[in-house]
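A short write-up of the structure that comes next.
Order of appearance sets the numbers: ligands from 1, and atoms from 1 within every ligand.
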Amino acid sequence: MKLPWPRRRRAAPGGGTAPAPGERHRDRARASLAALRDDPAIPPAVRQQLAADFAEVETLLGRLERGDIHIAVFGRVSVGKSALLNALAGRALFEVGVLHGTTTVHSLADWRESGAGKVVLVDTPGIDELDGDARERLAFEVAGRADLLLFVVEGDPVRVEREALARLLALQRPLLLVLNKADRFPPETRARLLTRLRELAGPTLPAENVVAVAALPAPLARIERDARGGERRHAQAREPEIAALQSRLLEILEREGRSLAALNAGLFAGQLVEQVAQRVSALRRDQAARVIRGYCLAKGVAVALNPVPVADLVAAAGLDIALVVHLGRVYGQPLSRREAGRVIATIGAQLAGLMAGLWAINLGASALKAVSAGLSTAVTAGAQGALGWYATLVVGRVVERWLLQGRQWGPDGPGRVVREILDSLDRGSVLREARTEILARIRRPARRG
Ligand SMILES: Nc1nc2c(ncn2[C@@H]2O[C@H](COP(=O)(O)OP(=O)(O)OP(=O)(O)O)[C@@H](O)[C@H]2O)c(=O)[nH]1
Ligand SMILES: [Mg+2]
């Protein structure tokens, strides 16, 4: 049966042609994909991590331009997925086999072409393959990018099928639930199974989207008698019974036309935007953690080595301001030194009570450092430097939170943020780690001095 490709274009009341809903969808999807592709704010590292997805953006843009529609098939092994696609296409495009796991990679084949684009059929491996984690992932990746899904079962669905169906329905793509091998059931069993499938799919799936077919009915066994009265058995192949699926598919394609591809490209773009945002923030958090650690070490060592108390504090404040400026760059929010100084002053005021004790020790120890010498200096200096490290860590984390909140302290003000950061840190272990790191750096210079 040759299926016509649906075409439509609406005449606007004023005489000109208004864009059909499909075209509006397509324009929107194209715009969001192009924006993703060209966004200069996406760091190269994230582009690299998501290289496959960005390649997919290009593919989807091409598909949208041509108006191509991808129909992908899913289901357990051997339910007849490949056979169903062959029946739709009217030719043997995909391998069909009695062995479980005939189809092992997803593959595409053009079904038909027209001026409006082409329909591409996508075959996938069974969702329940042994060793099948990767294959299952593959199936769902393919599903995420297809325009229309055919979920094939061969009877009352088992648990993996019910779970997979729920996941696919959640993708919000147009879906048809297909009961294959219907030739094996008498009419009343067929009807009962269809009712059961409609119940399982729930109200989000229209009843007409649940259909029964026989993609490759078992051949009929025929007995022929020859002229001499002898019996000869032979198998007579039967035509596929897929009319119900074909007509529903046509209805959907006709009604939605090219908007199907646009709608789904739009959904894909949305998912990718979310993924990019997550990767960017993970990358920034990593970078910020490295930057903060670098400053902690610099401050710790500076405080430990510098014998002049006032210079300790000056060096410390200078480093803190540099840290804030640096973190601003990491989070894509450049700050001047003056602004950074104001942030440090705000945090300093909040920390004052707590840090007063720490700085008192700091000053005392600085004075001590000037008069003592040798390894004992290193030990005192290590403890003192560790406090510098700890203070810088607190400042770094507080500034990070402030930047992530869009340079706002939030409704409860900076005091709350500082308290939360202090509570989140295990001071004992931070100080121990800091001391070890600082002593490792200053032991040699200390011995030389
Ligand atoms: N009776 C009957 N058997 C069918 C029908 N469709 C497919 N089969 C048989 O089911 C078996 C599996 O068919 P495939 O199309 O290879 O199934 P698949 O889902 O692609 O299987 P995998 O690629 O292994 O996951 C084959 O032996 C087919 O002959 C049908 O409508 N009726
Ligand atoms: Mg197959």
Side-chain angles (χ1 to χ4, degrees), residues 1 70-111 120-143 146 148-165 167-168 175-194 196-197 210-222 233-249:
M1 171 177 159
H70 283 211
I71 300 180
V73 74
F74 299 92
R76 271 195 309 139
V77 279
S78 284
V79 293
K81 301 179 293 298
S82 303
L84 183 65
L85 292 184
N86 289 345
L88 276 176
R91 50 208 146 109
L93 294 172
F94 304 98
E95 196 187 342
V96 171
V98 279
L99 290 179
H100 271 210
T102 304
T103 308
T104 51
V105 289
H106 90 277
S107 52
L108 312 179
D110 294 351
W111 176 14
V120 178
L121 299 176
V122 188
D123 197 6
T124 64
I127 49 170
D128 57 337
E129 262 301 80
L130 294 174
D131 79 313
D133 265 13
R135 288 192 194 169
E136 202 207 52
R137 247 199 328 277
L138 170 90
F140 283 98
E141 260 173 47
V142 172
L148 200 146
L149 313 179
L150 302 179
F151 191 80
V152 184
V153 296
E154 57 176 7
D156 198 353
V158 296
R159 209 184 69 196
V160 263
E161 289 176 311
R162 292 197 300 269
E163 287 169 1
L165 178 64
R167 278 174 70 185
L168 290 174
L175 182 144
L176 292 179
L177 180 50
V178 182
L179 170 67
N180 188 30
K181 307 194 185 179
D183 57 302
R184 299 184 309 170
F185 307 115
E188 58 280 13
T189 315
R190 249 189 216 207
R192 191 177 47 74
L193 281 169
L194 283 176
R196 164 92 181 123
L197 290 174
V210 183
V211 292
V213 300
L216 192 56
L220 278 181
R222 287 227 175 246
R233 287 175 171 272
H234 76 106
Q236 187 188 15
R238 285 192 285 172
E239 285 293 308
E241 281 177 53
I242 53 163
L245 174 63
Q246 278 176 322
S247 69
R248 185 61 191 143
L249 258 181

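Distance CG/Asp123 to CG/Leu93: 9.5 Å, rounded to 0.5 Å. Here the CG-CZ distance, from Leu245 to Arg248, works out to 10.5 Å after rounding to the nearest 0.5 Å.
In this structure, Asp156 contributes its side chain and Arg196 its backbone to no donor-acceptor pair below 3.5 Å. No side-chain donor-acceptor contact under 3.5 Å links Glu163 to the backbone of Val160. Side-chain atoms of Asn180 do not come within 3.5 Å of backbone N or O of Val152 as any donor-acceptor pair.
Residue contacts with ligand 1 for Asp123 are absent, since no atom lies close enough (heavy atoms, distance under 4.0 Å). Contacts with ligand 1 closer than 4.0 Å are made by side-chain heavy atoms of Asp183 only, the backbone lying farther away.
When all heavy atoms are compared, the tightest approach of Pro157 to Arg162 is O-NH1, 3.1 Å. Taking all atoms of both residues into account, the shortest heavy-atom contact from Arg76 to Val158 is NE-CG2, 3.7 Å.
Ligand 1 has an N or O atom lying under 3.5 Å from an N or O atom of Ala215, backbone or side chain. In terms of polar-atom proximity, defined here as any N/O pair under 3.5 Å, Gly80 does make such a contact with ligand 1.
At least one heavy atom of Pro217 sits closer than 4.0 Å to an atom of ligand 1.
The residue among Ala83, Gly126, Gly75, Ser78 with a heavy atom at the shortest distance from atom 7 (C) of ligand 1 is Ala83. In this comparison of Arg184, Arg238, Lys181, the heavy atom closest to atom 8 (N) of ligand 1 sits on Lys181.
The Mg ion (ligand 2) has no N, O or S atom of Ser78 inside 2.8 Å of it.
Of all the atoms in ligand 1, the ones that sit under 4.0 Å from a non-hydrogen atom of Ala214 are 31 (O). Atoms of ligand 1 found under 4.0 Å from any heavy atom of Val77 (numbered from 1 in listed order, with element): 25 (O).
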